[in-house]
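A quick write-up on the structure given underneath.
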Amino acid sequence: MNRGECYTDMAKLIAVFFWVLALATAVAFIVHPVWLPELVSLEGADVDRQMNLTLGIAGFAFVLAHILLGLFLWRYGGKRPGSALYWHENRGMEITWTVVTAVVFVGLGLEGSRIWAREYLTDPPANAMTIEVTGQQFAWNFRYPGPDGKFGRTRPDKVDDSEGNYIGLDDGDPAGNDDITTQNVVAVPVNRPIQLIIRSRDVLHSFFVPVLRFKQDAVPGMGIPVHFTATRTGEYEVACAELCGMQHYKMRARFLVMTDAAFDTWLKARSAQ
Ligand SMILES: [Cu+2]
């Protein structure tokens, strides 16, 4: 075998590699043996649809590019006399793929921002229940306003972990007397809009509930509102998704979605504590 044939075989081998890669990617996308956790939120369906759309478009371009790359390698690869044809600049093609890429990119961005706005920038429905979330190293605190529907005042100098006052509830404010606080467990009634006000006591944390397709940084000094509606009862997980210190890996909470009756009982039991 001379050198030229050897290069040609190598080019064909690489072409086959690209085709196998394209095929494996397409199969992985269609069969998806490893995929997202179950979906438990009304708004999350949009997030999943957007992700599938983005992956679908990017995947189509990826597969097409690799099939073409393989075809050109197969046909023109190697070191045959006259096989290397140099050309550059095809203005029509360059304008086409630049415009197509720009339209797809901006279009996906616009659609994504609409979905983002639905959870983050619009007001929750009037019947939404508000829960305050406060991250701390290394736990999640939750607070329900109690029967009066009002959160009592908090003050940083009142924070006292040894007394279980993790968020610094000020007992001088009567609105706080019926506030109900929990640590590392939060319950919500199913099919009811929930508004969260996300805060942090110390450093950056990130409130991440995979089943809600929902992740929001907790920023010291800010109360960030977001809202969602959980659609299925069960026990799920909240994780901290921002590296926040040595025990970041331990910072997780249980997220319980309950029927209305079960939720009322649960909250009453917490209130009694
Ligand atoms: Cu954290």
Side-chain angles (χ1 to χ4, degrees), residues 34-41 43-44 47-48 51 112 115-121 124 128-145 151-170 176 179-188 193-230 232 234-258 263 266-267 270 273:
V34 182
W35 206 238
L36 301 169
E38 84 180 285
L39 172 67
V40 178
S41 121
E43 297 78 2
V47 176
D48 285 9
M51 175 158 148
I115 295 167
W116 169 271
R118 189 172 161 202
E119 276 181 83
Y120 290 81
L121 301 179
M129 191 177 94
T130 303
I131 303 171
E132 185 192 65
V133 181
T134 306
Q136 74 174 84
Q137 289 172 316
F138 298 90
W140 289 110
N141 298 289
F142 301 93
R143 176 157 69 133
Y144 298 81
F151 289 113
R153 193 169 53 223
T154 56
R155 283 171 43 183
D157 59 316
K158 296 278 183 183
V159 169
D160 188 345
D161 287 0
S162 66
E163 294 216 336
N165 192 358
Y166 302 105
I167 57 170
L169 257 179
D170 180 1
D179 286 10
I180 301 157
T181 58
T182 65
Q183 194 170 65
N184 293 335
V185 60
V186 60
V188 301
I194 307 292
Q195 182 181 45
L196 300 178
I197 310 288
I198 298 178
R199 302 179 190 280
S200 169
R201 203 183 88 170
D202 38 41
V203 299
L204 274 182
H205 302 279
S206 185
F207 187 77
F208 180 31
V209 191
V211 293
L212 297 179
R213 306 293 187 265
F214 180 87
K215 188 189 276 174
Q216 170 59 51
D217 275 8
V219 183
M222 291 180 78
I224 300 174
V226 287
H227 55 93
F228 66 90
T229 304
R232 198 176 315 157
E235 177 169 341
Y236 310 100
E237 188 186 25
V238 178
C240 178
E242 179 68 60
L243 185 59
C244 58
M246 285 295 277
Q247 292 175 63
H248 161 68
Y249 71 96
K250 280 167 98 178
M251 190 166 165
R252 60 205 291 219
R254 287 186 302 143
F255 173 66
L256 312 173
V257 182
M258 298 175 163
F263 173 74
W266 182 89
L267 198 61
R270 297 282 151 169
Q273 284 169 14

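Along the sequence shown, the residues carry numbers beginning at 1. Quick caveat: nothing in here was measured; it's all calculated off a predicted structure. Order of appearance sets the numbers: ligands from 1, and atoms from 1 within every ligand.
- A side-chain donor-acceptor contact under 3.5 Å links His248 to the backbone of Glu242.
- A donor-acceptor pair is defined here as one N or O able to donate and one able to accept, closer than 3.5 Å; no such pair exists between the side chain of Gln136 and the backbone of Asp202.
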### Query
Stepwise, does the side chain to side chain contact (heavy atoms under 4.5 Å, CB included) test hold for Phe151 with Ile167?
CA-CA 12 Å; Phe151 289 113; Ile167 57 170; over 6 Å; no

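- Taking the six-membered ring where tryptophan is involved, the planes of Phe255 and Tyr236 are tilted, since the angle between them lies from 30° to 60°.
- The aromatic rings of Phe214 and Tyr120 sit parallel to each other, their planes meeting at less than 30°, with 60° as the upper class boundary.
- Excluding waters, the set of protein N/O/S atoms under 2.8 Å from the Cu ion (ligand 1) reads His205 ND1, Cys240 SG, Cys244 SG, Met251 SD.
- A donor-acceptor contact shorter than 3.5 Å is absent between the side chain of Asp161 and the backbone of Tyr166.
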